There are 2 protein chains.
Amino acid sequence: MSDIGIKELARIAGVSTASVSRALSNPERVSKKMRDRVQAAAKRVGYQPNRLGASLRTSRSGNIVAIIPDISDTFNSGVIQSLERAAAERGYSVLFGDTQGIRERELVYGAMVRSRQADGIIVFSHRLPFTAEELQSENFKLPPLVNSCELADSPHIDTSNLPWVSIDNVQAGRDAVTHLIELGHQNIAVITGDIESPSTVQRLEGYRLALSAAGIAYREENVYQGAYTLEAGVRITKQVLLAKHRPSAIFCMSDEMAMGCVATLKEHGFGVPEDMSVVGFDDIRFAQYLSPPLTTIAQPVEAIGRTCANILIDLIEDIAEPESKHILPHKLVVRSSATTPR
Amino acid sequence: MSDIGIKELARIAGVSTASVSRALSNPERVSKKMRDRVQAAAKRVGYQPNRLGASLRTSRSGNIVAIIPDISDTFNSGVIQSLERAAAERGYSVLFGDTQGIRERELVYGAMVRSRQADGIIVFSHRLPFTAEELQSENFKLPPLVNSCELADSPHIDTSNLPWVSIDNVQAGRDAVTHLIELGHQNIAVITGDIESPSTVQRLEGYRLALSAAGIAYREENVYQGAYTLEAGVRITKQVLLAKHRPSAIFCMSDEMAMGCVATLKEHGFGVPEDMSVVGFDDIRFAQYLSPPLTTIAQPVEAIGRTCANILIDLIEDIAEPESKHILPHKLVVRSSATTPR
DNA sequence: TTGAAAGCGCTAACAG
DNA sequence: CTGTTAGCGCTTTCAA
C-alpha cells in the first residue's frame, strides 16, 4: 500500500510496464489473463497511477478551467455545480478561477491551457482571458473554449463564432416584460445587468420588443444601468423611486438584484406587489422563499452547466464541431411579486 | 509565439536548458546577465513553461483540492471564494469537488493526492475521503489536509488532531440562544444541522449551556434534527408549528434554514418576529436583505477560507506544525427577526 | 556561474 | 498479444 510506481508493479506482476499501462488504461487491448493478473496485482499493492507522468506523456491534463467572475453569486454557483458533476462523469476535474472581474486574474487562468495545466476553458466573464497581443499574434490558436453567453465581442476576434450555450435572452426578456404588460402595467422600469454583457443587451432588446409589440413607447429614462448583484439592486432601486414619472413595475435582470430591489422597496414603505410589481431573472433556489415569492424567468441551470462541460470536452476530444451553439429553454415562473397595478 | 519548449528556448538564447530553468524559476541563482538574456528571449518568443514537466520532476502539482458537499450553499461558496483567492496568491490552483455527500465522489477526490494531481486537501465534509481499508493500512500516510470543523471522528483515526480552522461553535450557539433568552424567551426550539457534523453538535451544546445558565430546563422535544439546507428549514418548521407546547422562538443553525423557516412561518400566517422570533447562523450575504432582516451569528467567511488555504499550503511546503488549530471570531448580529415574546 | 546529463512515471511506437 | 525502448518537458545533481 505504499507508493509504488509502474515499474515496481510490473516487476511484482511479472510483466512489462507496457502491459501494466495497457491493462489499466486500455484493458480491451490485452488478453483476459493479462488483464486479471495486472489488475489483481494493482489492487493488492494499492497501485495508484501517477497522473502527472501520464499527462506529460499524453499532453492531456484531464482538467478544465472555469473562469467565473463571482462564484458566490447564486446563479453561478448552481451552474458550476452541474458543470463539475458533468465533467467528473467524463473523467475531468475542474480548476476554478474566481476572477472578481480582475483582468490580471483572467489572464492567469487563460494561460493554464498553454502551460498544460488544463485542456480547455469555460468562460463566464465578458472578456477572453488573453491579451490583445496574444490574440493578434499570427500563430496564436485559441484553446478549446466555450462561453456561456457573457462574452462580449472582441476587437481582435469574432467571439460570436465561438461555441456557446445560453438561453434565448431576447425572448426571455420579452417574456418577462410581456407578463407585466398583460397585468396592465404601462410604465415599466428595467434595471439591467452589466451593460457589456451580451445577456444584458439581449434582455434589454427583449424589453424593447415587448413594449413595442404592445404599442407602448420606449422611454430612455426607464432604463437603469446596473449590475447582476444584490447591491446594485439596492442602489438602483433608490434611483427608480426618485423618478419623476415613477413606474408601477420593475424588471430586474437577475434575482439577486430583485432581492435587493424588493428589500429596498419595503424599506421605503412600498408594498410588493401592491405598490410596485417586481419581476426577476434566473429563478435561483431562494426565489420561491422570498416574501413575496418572486415572479421570475427560470434558467435551466443544471442543463447550462452540463452542456458547457460536455461541449468543451467534446471539443477537447475532437468529437464536436468547433462552432456548436446551444440554446436552452427558459420559462416564466409566475409567483406573487407582480400583480395588476392599482 | 508558437509553442516552444525549454530546449528550443535554450537554443535561441544560446544557453543551456539548465540555465533557462534557473533563470526563470530561481533567478537569484544566476548572473544578472544570464537572467536578462533568458528572460528577454522568453518574453520575445512567448515561452510558457509546461507545468506538467515541472510537476513530474518536482512531484508538486501546485493544486489543492477542496472537498465540499454542496458548492451552491451560500456559506460554502463564500468560503471557497476566499480560499481560491488565498491559494492563488501563493501560486496554487484549486480543484474543486462538489460531492453532494456521495461517498464514492469523496473517495475520487481523496485519491487525487496519491495520483499527484493535487498536493493537499481541504475537507468540508463529515468524513475523511479515504476508505477504512486505506486508513487502517500500516503504510498509509495522511496527505496534507485541513478540515473546516465539519469532520466527524473516524473509528480509524483521531481526526481531532488534524489541523482545523473553525469558529468557537459552542460559544456561538450559546450567544445565539442567550440573545433569545435575554429578549425574554423561555421556550426556544432549535433546528440543528446534520447531526453527524461536529459544528452541529457543538452549537447544540451551546444551546444547552445557554439554557442551563439561565436556569431554563432543557427539553428534548425542543430539539429538531435537521440539515443545513433551506429545504430542511421548511420541512422542520412545519413540525415545530405542530408542537404541543409551541415555542416562541426558533434558533436555526444556518441562515438558509432560517430563510426556509421564516418563509414557512409566514406562509402559515405567523408574523416574524411578532408571533415567532427566529435567529439564524452564518450571516450569509442575503441575511440583511430578507424580510425581516435576519438576526444571526456572523461567521468570518473570508478569514475561514483564507486560513484554510494558508494552513494547507504551509503544511504542503513544510512550514507549519502539523497540528495547527485556528479559532476564528464570530459575532452576534442583531437585526429584526427576533424580539420580545408577546 | 554555467553546462551536461540523468531521470521523474508514464505511454506509444515498434519489433517480436 | 506482449516486451523493449524512446521520450514527453522539466529540474537538479554533478562536474567543470
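Just so it is clear, the structure is predicted and the values come from calculations on it, not from any experiment. Here is how names work: the chains are called A, B, and so on, in the same order as the sequence lines, proteins then strands, and each is numbered from 1.
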Exercise for the section: Return the value, rounded to whole Å, for the distance between atom CD of Glu8(A) and atom C1' of dC10(C). Expected result: 16 Å
Exercise for the section: Starting at atom CG of Asp36(B), determine the distance to atom C1' of dT1(C), rounded to an integer number of angstrom. Expected result: 15 Å
Exercise for the section: Could you tell me whether the side chain of Arg57(A) has a donor or acceptor atom within less than 3.5 Å of a complementary atom in the base of dG9(D)? Expected result: no
Practice task
Report the residue (Ser55(A) or Arg29(B)) whose heavy-atom-nearest nucleotide on DNA chain C is the more 5′ of the two.
Solution key: Arg29(B)
Handout entry: Pairing of Arg105(B) and Glu89(A) as salt bridge, 4.0 angstrom limit
Key = no
Problem - Which residue lies more 5' along DNA chain D, comparing Ser21(B) with Lys7(B) via nearest heavy atoms - result: Lys7(B)
Practice task
Before accepting this row, confirm whether a basic side-chain N of the pair Glu317(A)/Arg90(A) lies closer than 4.0 Å to the acidic partner's carboxylate O.
Solution key: yes
Problem - Value in whole Å for how far the P atom of dC1(D) lies from CD of Glu28(A) - result: 10 Å
Practice task
Report yes if a side-chain nitrogen or oxygen of Ser19(B) is closer than 4.0 Å to either non-bridging phosphate oxygen (OP1 or OP2) of dT2(C); otherwise report no.
Solution key: no
Problem - Length of the line joining Leu52(A):CG and dC10(C):P, which is rounded to integer Å - result: 10 Å
Handout entry: Between dC1(D) (P) and Lys32(A) (NZ): distance, integer Å
Key = 14 Å
Handout entry: Nucleotide dG3(D), atom P - distance to NZ of Lys33(A) in whole Å
Key = 11 Å
Exercise for the section: Give one of base, sugar-phosphate or nothing for Arg116(A), where a contact means two heavy atoms less than 4.0 Å apart. Expected result: nothing
Exercise for the section: Report yes or no: does Ser55(B) contribute a side-chain atom to a donor-acceptor pair with the main-chain N or O of Arg60(B) at less than 3.5 Å? Expected result: yes
Fill in the blank from the handout: Whole-Å distance, Asn50(B) CG to dC8(C) P, equals 18 Å
Handout entry: Side-chain ion pair, Arg114(A) and Asp3(B), N-O less than 4.0 Å
Key = yes
Problem - Given dT12(D), dT2(D), dT11(C), the nucleotide with the shortest approach to the side chain of Met34(A) - result: dT2(D)
Exercise for the section: Could you state the atom-to-atom distance from CG of Asn26(B) to P of dG3(C) in whole Å? Expected result: 16 Å
Exercise for the section: Verify the contact: side-chain N or O of Ser16(B) to OP1 or OP2 of dA4(C), cut-off strictly under 4.0 Å; return yes or no. Expected result: no
Exercise for the section: Quick one: label Thr58(B) by what it contacts on the DNA or RNA (base, sugar-phosphate, nothing), any heavy atom closer than 4.0 Å. Expected result: sugar-phosphate
Practice task
Among dC10(D), dT2(C), dG9(C), find the nucleotide with the atom closest to the side chain of Ile6(B).
Solution key: dC10(D)
Problem - Leu56(B), nearest nucleotide to its side chain (from dG3(C), dG9(D), dC10(D)) - result: dG9(D)
Exercise for the section: Could you check whether Arg22(A) gets within reach of a base, just the sugar-phosphate, or nothing at all, counting any heavy atom under 4.0 Å? Expected result: base
Handout entry: Tyr47(A) vs dC10(C): side-chain N/O to OP1/OP2 distance below 4.0 Å
Key = yes
Exercise for the section: Please tell me which of the listed nucleotides, dT11(C), dC10(C), dT2(D), lies nearest to the side chain of Ser25(A)? Expected result: dT11(C)
Practice task
Look at all strands and tell whether Val20(B) reaches a base, only sugar-phosphate, or nothing, counting heavy atoms closer than 4.0 Å.
Solution key: nothing
Practice task
Please work out if Ala54(A) contacts a base, only the sugar-phosphate, or nothing of the nucleic acid, heavy-atom cut-off 4.0 Å.
Solution key: sugar-phosphate
Handout entry: Considering all heavy atoms, the nearest Gly97(A)-Tyr109(A) contact
Key = CA-CZ, 3.4 Å
Handout entry: N/O donor-acceptor pair under 3.5 Å between Ser82(B) side chain and Val79(B) backbone
Key = yes
Problem - Residue whose nearest DNA chain C nucleotide is more 5′ - Thr17(B) or Ser59(B) - result: Thr17(B)
